[in-house]
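Lettering follows sequence order; numbering is per chain, from 1. Heavy atoms only: backbone and side chains are in, while hydrogens, waters and symmetry mates are out.
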Amino acid sequence: MAEFTRPRGTRDFGPDEMRSRRSIESKMRGAIESFGYREISTPTFEHSDLFIARSGPQILDQIYNFLDKGGREIVLRPELTAPVMRFYFSELRNSPKPLRIYYFGNCFRYERPQKGRYREFWQMGLEYIGNRTPLALSEVINASISALDSSGLEGFKVRIGHAALLSSILERWGLKGKDKDLMIAIDKKDEKGIIDILGGGEEAENVSRLVSRTYPIADHKKALEAIMKEVPGIDERAIKELSEVLELVVPGGGEIYMDPAITRGLDYYDGTVFEIDAPSLGAEKQICGGGAYSLSEVFGGEVEGIGFGLGFDRVLVALGGNIPVTDPARVFYLVPMGEKASLIAPGIARTIREGGCRCILETSGRSIKKALPAALNSGAGYLLLMGDDEIARGIVAIKDLSTKEQVEVQVGELGHAIVPGGVLFDRIRNINENYING
RNA sequence: GCCGGGAUGGUGUAGCCUGGUAGCAUCGGGGACUGUGGAUCCCCUCGCCCGAGUUCGAAUCUCGGUCCCGGCCCCA
């Protein structure tokens, strides 16, 4: 029947789902803000060259791009790091350092949708700009862990590695990370594939084995020593940095590992890098990735930064619909019966709203029998009844829908009654409701 | 870009193999019932993803498309 349909890979969110999404969103924002990061926002569309500069021209195959009426090449942003860096270089570069900023917004990619992958999706992330001390590096990782912890997600895996470490291993074979097949094999931890590409031999086997493992954080020193021993001339500063960062990571709800094989797709990552997976997600299990970068090549200015991007939708998929939402507002459902009651109902409703409560007005003119189920469905805790009797006596009847207890209050005292200290406040106590969706 | 499985009122489903009046539940609207009700009963609205083909006749069979779900590829 539907004549109009959603574009492929997009979603509508109903009231219950939006409540869940907003609830998680605000918890995660809160976690990031608690580290001192402040929100910024950039346009939904940008000039194509911004993303081409960052990711190469082949990226156009995977994004929404078009010419606008002025003939400009425009794309819907496929990610937020590049716009944020553009903003930084054009207007924020003289801000006091370090600069701590974060963002949350929708992004668009023209890809085949599947579980945890949509054509419109939401990304949250932050950038720390100004230096790359071990404390700063660990702060960014700790912020990502805190954000995920605040969402209620459990069992995620944080893997921390180092881009320069990996490339110095590759340099040992004169490869310098340019060999795409090798990078893919490393990323997949395909031991056999790595050995084949490196040309076999005992050394190749040893390196492949070392790189294809993740090491519990407690074992990282031993593991790094083993790698250092196996690969002569390895970047020892990278080893030192990674080791220091690992000491400073504060464990949260997830497990922490050292993983030397994190490639991150981009050339400009050159320091500590990390990824976070939610194993429950399957193919699209990565929910967060980031690290330290230098952007001098792309943007022409020099900048040392650390950041991460986090797939908000995947966090929600990983939570699996078990999203507790606390709704602290007391909700009243006001049923005016008759013309006189209708005339004063909006004013009564306003009084209630000004008292910090929510008031849903029965606007359909339904009988109380019809209004009651509507009130129950609306999530209201209290029914307010106003009919001729009540008006004649100057009162309003309030029924607690959970206890079925009913009390009467003078209309003039309603505002005082429902706020803290009022006669109804203690009586109307049972106000925090936990909703489980799904 | 590749490979599977799907699509029936708003939602969830039966019917499909074996072509012949599209059924059930729920939600929504109304009523039984003029203000203490969340119950029960009755009535009503709304549907075979789109297009072509085969056929006397297609939800059902065939082909193409669209979209959804999952798995690859990719993943900034």
Atom [atom1] of [X] and atom [atom2] of [N]: how far apart are they, to the nearest Å?
X: A:Glu339; N: B:G35; atom1: CD; atom2: P; value: 16 Å
X: A:Arg8; N: B:C68; atom1: CZ; atom2: C1'; value: 8 Å
X: A:Ile59; N: B:C74; atom1: CD1; atom2: C1'; value: 12 Å
X: A:Met337; N: B:G35; atom1: CE; atom2: P; value: 7 Å
X: A:Glu408; N: B:G35; atom1: CD; atom2: P; value: 17 Å
X: A:Asn65; N: B:A76; atom1: CG; atom2: C1'; value: 15 Å
X: A:Lys399; N: B:G38; atom1: NZ; atom2: P; value: 9 Å
X: A:Arg119; N: B:C69; atom1: CZ; atom2: P; value: 11 Å

Check this for me: does any side-chain nitrogen of one of [X] and [Y] sit under 4.0 Å from a carboxylate oxygen of the other?
X: A:Glu17; Y: A:Arg11; answer: no
X: A:Glu46; Y: A:Arg77; answer: no
X: A:Glu241; Y: A:Arg237; answer: no

When you measure from the side chain of A:Lys115, which nucleotide among B:G30, B:G70, B:U36 comes out closest?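 Nearest to the side-chain atoms of A:Lys115, counting from C-beta on, is B:G70.
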Measuring from the side chain of A:Ser55 (C-beta onward, heavy atoms only), which nucleotide among B:G35, B:A76, B:G70 has the closest atom?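 Closest nucleotide among those given: B:A76.
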Please measure how far the [atom1] atom in [N] lies from the corresponding atom in [M], and state the result in whole Å.
N: B:C43; M: B:G6; atom1: P; value: 37 Å
N: B:U54; M: B:U62; atom1: C1'; value: 7 Å
N: B:G4; M: B:C73; atom1: C1'; value: 15 Å
N: B:C41; M: B:G5; atom1: C1'; value: 42 Å
N: B:G15; M: B:A22; atom1: C1'; value: 8 Å
N: B:G70; M: B:G23; atom1: C1'; value: 30 Å
N: B:C16; M: B:G53; atom1: P; value: 26 Å
N: B:A7; M: B:U60; atom1: C1'; value: 14 Å

Using a 4.0 Å heavy-atom cut-off, does [X] contact any base of the nucleic acid, only the sugar-phosphate backbone, or nothing at all?
X: A:Arg366; answer: sugar-phosphate
X: A:Arg109; answer: base
X: A:Glu111; answer: base
X: A:Pro78; answer: base
X: A:Gly289; answer: nothing

Check A:Ile262 against A:Phe274 and note the closest heavy-atom contact, atom names and distance.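 So the minimum-distance heavy-atom pair works out to CD1-CA, 4.0 Å.
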Tell me whether the NZ or CZ atom of A:Arg100 lies within the 45° cone about the ring axis of A:Phe35 and under 6.0 Å from its centre.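 No cation-pi geometry.
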My understanding is that only one of A:Gln286, A:Glu255, A:Glu275 makes a side-chain hydrogen bond (donor to acceptor under 3.5 Å, both in side chains) with A:Arg159; could you say which? A:Glu275
Between A:Tyr102 and A:Glu33, do the side chains contain a donor N or O and an acceptor N or O under 3.5 Å apart?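 Per modelled atom types, A:Glu33 and A:Tyr102 side chains form a pair under 3.5 Å.
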Side chains of A:Thr272 and A:Arg132, donor plus acceptor under 3.5 Å: no
Less than 4.0 angstrom between a side-chain N/O of A:Lys188 and OP1 or OP2 of B:C73, yes or no?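 For B:C73, OP1/OP2 do have a side-chain N/O of A:Lys188 under 4.0 Å.
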Pick the nucleotide of RNA chain B nearest each of A:Phe51 and A:Gly9; which residue has the one closer to the 5' end?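 By nearest-heavy-atom nucleotide position, the 5'-most residue is A:Gly9.
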Residue closer to the 5' end of RNA chain B, A:Leu401 versus A:Gln114 (nearest nucleotide): A:Leu401
Classify the side chain of [X] and the base of [N] as holding, or not holding, a donor-acceptor pair under 3.5 Å.
X: A:Glu390; N: B:G35; result: yes
X: A:Lys369; N: B:U36; result: no
X: A:Arg117; N: B:C74; result: yes

Map every base of RNA chain B to its dot-bracket character, where paired means a Watson-Crick or G-U wobble contact with both distances under 3.5 Å and | marks a partner outside the strand. (((((((..((((......[..)))).(((((.......)))))....(((((..]....))))))))))))....
Measure the acute angle between the ring planes of A:Tyr110 and A:Tyr64, then classify it against the limits of 30° and 60° as parallel, tilted or perpendicular. perpendicular
